[in-house]
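Read the structure below first, then the notes.
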Protein chains: 2
Amino acid sequence: MTTSPGGEPAERTKAAVLEDVAGLAGVSAMTVSRVLNAPEKVRPETRARVLAAVQELGYRPNFAARSLVTGRSGVLGVVSFDTTLYGPASTLYAIERAAREHDYLVNIASLEAMTRRSIAEGVDRLRQQSVDGVIVIVPHESAADGLRDLPPDLPVVDVGGGERLSVPAVAVDHHAGAVRATRHLLELGHETVHHLSGPANWIDANNRMQGWRHALRGREIPPPLAGDWSANSGYEQGKRLSRDPSVTAVFVANDPMALGLMRAFREAGRRVPEDVSVVGYDDVPEAAHFWPPLTTVRQNFATLGRQAFQLLLNRMVGHDTSERRTVEPELVVRESTSRR
Amino acid sequence: MTTSPGGEPAERTKAAVLEDVAGLAGVSAMTVSRVLNAPEKVRPETRARVLAAVQELGYRPNFAARSLVTGRSGVLGVVSFDTTLYGPASTLYAIERAAREHDYLVNIASLEAMTRRSIAEGVDRLRQQSVDGVIVIVPHESAADGLRDLPPDLPVVDVGGGERLSVPAVAVDHHAGAVRATRHLLELGHETVHHLSGPANWIDANNRMQGWRHALRGREIPPPLAGDWSANSGYEQGKRLSRDPSVTAVFVANDPMALGLMRAFREAGRRVPEDVSVVGYDDVPEAAHFWPPLTTVRQNFATLGRQAFQLLLNRMVGHDTSERRTVEPELVVRESTSRR
DNA sequence: GCGAAGACTGTTATCGCTAACATAAAACGT
DNA sequence: ACGTTTTATGTTAGCGATAACAGTCTTCGC
């Protein structure tokens, strides 16, 4: 039933199935299955014979059949917004690596928009391909709502979402990061610190803004500006800020915006750091080579991703925690900040 | 068999299956299946009844069962090296978008290393979860070999690989891009153009280097330096180059390295573009805000990704092309280059 | 008014695998 | 030596969907 008519055993028309291997090894299909899933339960010589047959036929278990009967797929999903951004991309990468080590595959669903609906849709798309669990990287207010609509039977872990989520979560402590950045500037003798924030309703943006506010307590708090994370928006808002001569220190909510802002200041004739000090956020790999090298807050995305996977793994094996883990960011001082 | 004991119909213990829906709608399972897959073959009123039942039970088809019998999974795989890099990340994103529009899901396998072995392993991992096709983004010499070992029954499309591949491929014409960059510098009156290349054995790096060489024919061709794509390597090699006073123009194989290089030149007291002109490659979103704004070669990763998906789709439906498509890069002139 | 074609819907078999139980063979204690 | 446990393998019965075929009921032409 298995032998190909014309000679070469490697030349089969259809892919080999369990039964074929069993036939060739002279055992039952079940034994082959065991060799693959619980080798210790099969006598070494039998095992060897089966393995040889597997090898010879180039047998590969049928994923669909297996997961139909086991109810597990070995695939997990990641819902993310714009995986082109440094943060999500790095987190995704770390998740993928962690997943691979545990023999999980990662399926991605990026979102066009960040609405409650689109999150639900993203999760849904993944669920239809029966992922075993989902990690949601949507640092937006809408995520909180989006996560509420989820079916309770699907293990979900959130990354960088809000505080009051019903699911396990990992997040960087942006409040602390912002405080560190702002204090650093105050300690350098600046009267106050201006802030260029991320877009409204982004959790990260809000947390950083709050941290900034917190560190500024008791002082004059200038009205914050908001960008859209892009260098370009940093440039535009920078142009505006540079007209205000009282500005001597700016805490910018991410590195690309800081880059744009520094360009605007430079073009306006205000030197960084001599006239104005700037602190960014993220520590993208290029930040050390900006002009001037950027003082910034480093987020450890690798840890973030790994922790997210760990949490998901816990939930998938049943531990019904709604644990929340925090990753501490770190201030990296370079040359874009100086004493007043 | 389906009704929950205590009231709320939404509260079932096990997920509803086809049979449950059929029961509730008073039809056979087959009819339900048809409503879902070929609605026009079912009378409108029956269809409505079935749909209502689907709704009520929150029925979702079982992916594994479906793909077991149809032999298709609706998932495609992307094998890529370091999805944190701008190029791969953008390509991946475009692929994912295109895939979504055609109701495919994307599975990723990032590679630790870029050897022939690791590529084969990556493809294998994906194949085990029975993807319907694979897109390989590995712009490295090893890819060519890695692709040779692949099973012939799996549709594969290559992105940015070498020229002599046996599979359909999409690639940016880096040779042309490099020629444009180099000519631009020559036309500005520079005697010759130096080159900071990417790492050896990267296809893109080689193509760009060849284009640079080609555009320089008839002139003195300075020995190229090589970096590893990182801003840091650009900085290091930039320090070396900046010691050579004869250097007036540099074509750098990507934007981050150009950033590092410009920093090195600035620190060495050589102004860009007054003393030295620099051209980068990629046009990352930040390039317009580098100091000075970087003249660079823009790659359209979105198109690249979309085309790759198209090609894969063609192969999956059977068209056995080994078509090779090319995407043209575009020179974007900014302020890092000036007349000699 | 009646057979044929068409429109719907149902039945059966099967995809490839593994859980659970059944059996056979080997190992063991007394 | 003989029941009992242990170890190794085989058998059976689905998992949840769809393909292919088989009916049933309309509809229609003449």
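Letters go in sequence order (proteins before strands), and every chain restarts at 1.
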Legend entry - DNA chain D: 5'-proximal contact among B:Arg34 and B:Ala64 (nearest heavy atom): B:Ala64

Inset, instruction - Please tell me which of the listed nucleotides, C:dA19, D:dT18, C:dC17, lies nearest to the side chain of A:Thr70? - result: C:dA19

Inset, instruction - Can you see which heavy atom on B:Ser118 is nearest to which on B:Ala113, and at what distance? - result: OG-O, 2.8 Å

Inset, instruction - Take the protein atom NZ of B:Lys41 and the nucleotide atom P of C:dG6, then report the distance between them rounded to whole Å. - result: 15 Å

Inset, instruction - Ignoring the backbone of A:Val42, work out which of C:dG10, C:dC17, D:dT9 is nearest its side chain. - result: D:dT9

Inset, instruction - Map B:Arg47 and A:Leu36 onto DNA chain C by nearest heavy atom, then report which one ends up closer to the 5' terminus. - result: B:Arg47

Inset, instruction - Give the nucleotide from the list D:dA8, C:dC17, C:dT9 with an atom nearest to the side chain of A:Arg43. - result: D:dA8

Legend entry - First of A:Thr46 and B:Met30 reached from the 5' end of DNA chain D, by closest nucleotide: A:Thr46

Legend entry - D:dC15 OP1/OP2 closer than 4.0 Å to side-chain N/O of B:Asn62: no

Inset, instruction - Please check the phosphate of C:dT18 (OP1 and OP2 only) for any side-chain N or O of A:Ser33 closer than 4.0 Å. - result: yes

Legend entry - Interatomic distance where CD belongs to B:Gln128 and C1' belongs to C:dC17 [whole Å]: 15 Å

Legend entry - Distance below 4.0 Å between A:Thr31 side-chain N/O and D:dT9 OP1 or OP2: no

Legend entry - Proximal nucleotide (of C:dT18, D:dG16, D:dT18) relative to the B:Arg66 side chain: D:dT18

Inset, instruction - Write down the atom of A:Ala89, the atom of B:Thr83, and the distance for their closest heavy-atom approach. - result: CB-O, 4.1 Å

Legend entry - Atom pair distance, as rounded to whole Å: CG in B:Asp20 and C1' in D:dG16: 11 Å

Inset, instruction - Select base, sugar-phosphate, or nothing to describe what A:Val69 touches, counting heavy atoms under 4.0 Å on all strands. - result: base

Legend entry - For atom CD of B:Glu19 and atom C1' of C:dT11, their distance in whole Å: 12 Å

Inset, instruction - Over all heavy atoms of both residues, which pair between B:Phe81 and B:Glu112 is shortest? Give the atoms and the distance, please. - result: CE1-O, 3.5 Å

Legend entry - Test item: B:Ser110 and B:Ser80 side chains (from C-beta on) under 4.5 Å apart, heavy atoms: no

Legend entry - Value in whole Å for how far the P atom of C:dT14 lies from CG of B:Leu18: 20 Å

Inset, instruction - To the nearest Å, give me how far apart CZ (B:Arg72) and P (D:dT18) are. - result: 12 Å

Inset, instruction - Return the value, rounded to whole Å, for the distance between atom CG of A:Leu68 and atom P of D:dT18. - result: 12 Å

Inset, instruction - Might you point out which heavy atoms bring A:Ser67 and B:Ala64 nearest each other, and give the distance in Å? - result: OG-CB, 3.2 Å

Inset, instruction - Using a 4.0 Å heavy-atom cut-off across all strands, classify A:Ser28 as base, sugar-phosphate, or nothing. - result: base

Inset, instruction - Please work out if A:Tyr59 contacts a base, only the sugar-phosphate, or nothing of the nucleic acid, heavy-atom cut-off 4.0 Å. - result: sugar-phosphate

Inset, instruction - Answer yes or no: does atom CD of A:Glu40 have more than 12 heavy-atom neighbours from other residues, nucleotides or ligands under 6.0 Å? - result: yes

Inset, instruction - For B:Ala29 and for B:Ala65, find the nucleotide of DNA chain C with the closest heavy atom, then tell me which residue's nucleotide is more 5'. - result: B:Ala29

Legend entry - Interatomic distance, A:Glu40 CD vs D:dA8 C1' [rounded to whole Å]: 12 Å

